[in-house]
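One structure below.
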Amino acid sequence: MSTEFLGGLKRFFIMGKLLKTKTDAELLTAYIAGDDDAFEEIVSRYKEPLYGFLKRFLNRQDIVEDVFQDTFLQLFTSRESFDPERPLRPWLFTIAANKARDSLRKQQRDSSTSVGAMGEPSELSVDDIFNIISSYDITPYDEVQKSEIAGRVRKVVSEMSENLREILILAYFEQFSYKQMAEILGIPIGTVKSRLHTAVGSFAKKWREGQGNREKQ
Amino acid sequence: MISLTREQKELLFGYFFGCLEEAEVSEARNLIESNTEASELYRKFRKSFCVLEGLNTGPCPDYLAERTIAKLKAAAYSTQTGQERLYSLLEEERNAGGGRSNFWRNFGEVAAVAAMILIVAGVSIPSLRSVRQASWQTKCQAQLLGISRGLDNYASDNGERLPAVALQAGSPWWKVGDQGVENQSNTRHLWLLVKGNYVLASDFVCPGRTEGRALQFDRSQVKNLMDFPARRYVTYSMQIMCDKSSAQMCNSNRILMADMNPVFEKMMEVFARNDGNQAKIVLSQELLRRNSVNHSSRGQNVMLGNGVVQFAVDRGVGIGGDDIYTLKDRDSYRGSEFPGSPDDTFLVP
């Protein structure tokens, strides 16, 4: 067989492999090899969860869109250094979380308006969490409209400190494991657990305080 | 006073938030199913934190994804690597002789490559489909979990009773979409969740049925309807319940809902044609084995009363291996049968 034929066959094998876009690893490998379609598939696959995370964490639409684009651009620029055999999703969220935090700090420097609560509440254990839910009924009143609940939830979450808000969103909405969150946030697994306990307890207490204020009105 | 150990509490906590590794998930499920206190605490957890669902964000705008892809393409071709690749390809073309590609010169080579393309396509298209099916299966589970939370909220607001219309023994359970005053479909219970704003109407359509496409639904019509507008708007089946049995289903490990019953899917037309004349349909062995078509008959997602959602490759996952889509010791139906025992799982329509 001629050299040209073998070269063409090789090209067709690569393209054939690209057609089999079964895993993130294969998509990334294809993208590193120069296939734009593979990266479009990555964007398509992760745009919803990434957008959801950024929207809940940052809330401001303009910042959300900037960080969204920056995250994928960062993925592009650092693609050569990533091991395609490792799961893509935690890595993508690591980039997103870092960029989101950078963006928040920039906002805080540029503006006198706080974009999150300063200072961490005291740490809570898993025993504290179960005592809280056993002691309180923290569900809303029957007559409260669902849209009002949504507004109150957004308010409570936005008033949480950056660290606690971030981990609550990663755990509850993105369902990352403890191990994955440790990688994303660059902290030990024990710290992930204690921070998540504190975040959940903090949310429960603030929600309860909000209910208490409504009772007094 | 909570008697669970700290490790058990950590397990429940981690299970609720989906933070556990696979082995721990099984351990947590076993704890919930075997320990009443754990089951009750888990239920309280879900009830307490379901308000977080209010933090909706809406879908990612199309323009954002398109803009991002456009920027990435621009970045790719503006990099030195991209330019070098381009120059290299151009050089190869020139050296091939007069700028013409000699790839297609030999007919034998063309035929061999064409055969290669067919083989690769034959392998890759099913693989691509299986990725999409897995994605729909996961999304379906997420929707059932959302429905489960809606049921919990409804029960919490209504004296720990699941939504139930007055469906009496002998009433038909298959007339989905009927808007008359009589309750003649087992879907009317679920419709109460939509009317009460506990669950979105779109969550009752399995993505596997619509290949991921969302059905358009006019929410302004909800208050005027007594049931889902048509069959295609609800592709899950629910345990037949009378008003009294609903309390037993809360927080239990009994199966409450699953992907659509495959047995009666085609039978609705037969029931409709013979309505009032009591058509009797006898089930074949094939119908008795078939899985739900929502996920290409590979199995069905099932939701338990305690909120656990699992994918079952077999229909015999009721109590004692009971078939969840038929009644015990019965192979002929008129569309108005009720289970004789609470242990007989019968998900319809």
Side-chain angles (χ1 to χ4, degrees), chain A residues 1-2 4-5 8-9 12-13 16 19-22 34 36 39-40 43-44 47-48 50-52 55-56 65 68-69 72-73 76-77 126-127 129-131 133-134 136 138-140 142 146 149-154 157 168 171-173 175-179 181 193 196-197 200 203-204 207, chain B residues 2 4 6 9-10 12-14 17-21 41 44-45 47-61 64-65 67-69 71-73 75-76 81-82 85 96 102-103 105-106 109 112-113 116-117 119-121 123-125 127-128 130-131 135 153 156-157 197-198:
Chain A
M1 280 187 179
S2 65
E4 295 87 354
F5 173 63
L9 269 184
F12 261 89
F13 269 115
L19 286 172
K20 221 171 57 163
T21 52
K22 189 175 177 180
D36 290 342
F39 204 88
E40 275 193 53
V43 173
S44 175
K47 64 179 183 181
E48 296 297 345
L50 187 66
Y51 180 78
K55 185 82 177 160
R56 291 180 180 108
E65 292 188 6
F68 181 94
Q69 292 178 76
F72 281 111
L73 275 169
F76 162 74
T77 55
V126 70
D127 294 317
I129 306 301
F130 278 82
N131 288 337
I133 63 163
S134 297
Y136 302 149
I138 68 170
T139 49
D142 292 350
K146 297 297 187 276
I149 295 169
R152 285 178 57 210
V153 170
R154 266 191 290 275
V157 170
L168 182 65
Y172 185 82
F173 292 98
Q175 304 258 293
F176 280 110
S177 68
Y178 287 129
K179 188 177 166 199
M181 284 191 285
K193 290 184 179 179
L196 184 57
H197 296 155
V200 169
F203 175 85
W207 185 262
Chain B
I2 301 171
L4 296 182
R6 173 170 280 205
K9 288 176 194 171
E10 287 279 11
L12 283 184
F13 183 91
F17 283 99
C19 297
L20 301 179
E21 303 298 328
L41 280 169
K44 271 200 151 182
F45 229 103
K47 183 178 150 184
S48 300
F49 293 103
C50 67
V51 292
L52 283 169
E53 294 299 317
L55 210 56
N56 289 323
T57 63
C60 175
L64 182 57
R67 200 187 295 162
T68 303
I69 290 168
K71 280 192 176 178
L72 287 164
K73 284 183 176 175
T81 309
R85 192 183 309 130
N102 61 0
F103 183 75
R105 204 169 286 166
N106 187 314
E109 294 171 356
V113 169
M116 217 66 77
I117 292 170
I119 292 166
V120 168
V123 172
S124 64
I125 288 172
S127 300
L128 189 61
S130 69
V131 166
S135 161
N153 292 338
S156 171
D157 294 345
N197 227 10
Y198 293 95

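Computed from a prediction, not measured in an experiment: that's the story for all the values here.
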Worksheet item: Is atom NZ of B:Lys71 surrounded by more than 12 heavy atoms (other residues, nucleotides or ligands) closer than 6.0 Å?
Response: no
Response to the item:
So CZ of A:Phe39 and OG1 of B:Thr68: to nearest 0.5 Å the spacing works out to 9.5 Å
Practice prompt. Would you give the length of the straight line joining atom CZ of A:Phe173 to atom CZ of B:Phe17, rounded to the nearest 0.5 angstrom?
Written response: 10.0 Å
Fill in: Rounded distance [0.5 Å steps], NE2 in A:His197 versus CZ in B:Phe13
4.5 Å
Worksheet item: Taking the side chain as C-beta and beyond, is there a heavy-atom pair between A:Phe72 and B:Ile69 under 4.5 Å?
Response: no
Item to complete: Tell me, for A:Leu50 versus chain B, whether the close heavy atoms (under 4.5 Å) come from the side chain, the backbone, both or neither.
Response: neither
Worksheet item: Could you walk me through whether A:Gln69 and B:Leu64 pass the side chain to side chain contact (heavy atoms under 4.5 Å, CB included) check?
Response: CA-CA 8 Å; A:Gln69 292 178 76; B:Leu64 182 57; 4.0 Å; yes
Worksheet entry | Close side-chain approach of A:Arg152 to B:Val51, heavy-atom, < 4.5 Å | no
Fill in: Working for ring pair (Phe, Tyr, Trp, His ring centres under 6.0 Å), residues B:Phe45 and A:Phe130
CA-CA 8 Å; B:Phe45 229 103; A:Phe130 278 82; 5.2 Å; yes
Fill in: Sub-4.5 Å side-chain heavy-atom contact between B:Leu20 and A:Ser177
no
Worksheet entry | B:Ser48 vs A:Trp207 side-chain heavy atoms within contact, under 4.5 Å | no
Worksheet item: Of the backbone (N, CA, C, O) and the side chain (C-beta and beyond), which part of B:Glu21 lies under 4.5 Å from a heavy atom of chain A, both, or neither?
Response: side chain
Practice prompt. Take the angle between the ring planes of A:Phe203 and B:Phe49 and call it parallel below 30°, perpendicular above 60°, tilted in between.
Written response: tilted
Worksheet entry | Side-chain touch B:Leu12/A:Val126, heavy atoms, less than 4.5 angstrom | no
Discussion item. Could you measure the distance from the CG atom of A:Asp127 to the CZ atom of B:Arg6? Nearest 0.5 Å is fine.
Written reply: 4.0 Å
Discussion item. Any side-chain to backbone donor/acceptor pair from A:Arg56 onto B:Leu55? Under 3.5 Å, distance only.
Written reply: yes
Discussion item. Working note: B:Cys60 + A:Phe68, criterion side chain to side chain contact (heavy atoms under 4.5 Å, CB included); need CA distance, chi angles, decisive distance, verdict.
Written reply: CA-CA 10 Å; B:Cys60 175; A:Phe68 181 94; 3.9 Å; yes
Practice prompt. Starting from the C-alpha separation in whole Å, work towards a yes-or-no answer on side chain to side chain contact (heavy atoms under 4.5 Å, CB included) for B:Glu53 and A:Tyr172.
Written response: CA-CA 9 Å; B:Glu53 294 299 317; A:Tyr172 185 82; 2.6 Å; yes
Discussion item. Please report the interatomic distance NZ(A:Lys179) to SG(B:Cys19), rounded to the nearest 0.5 Å.
Written reply: 14.0 Å
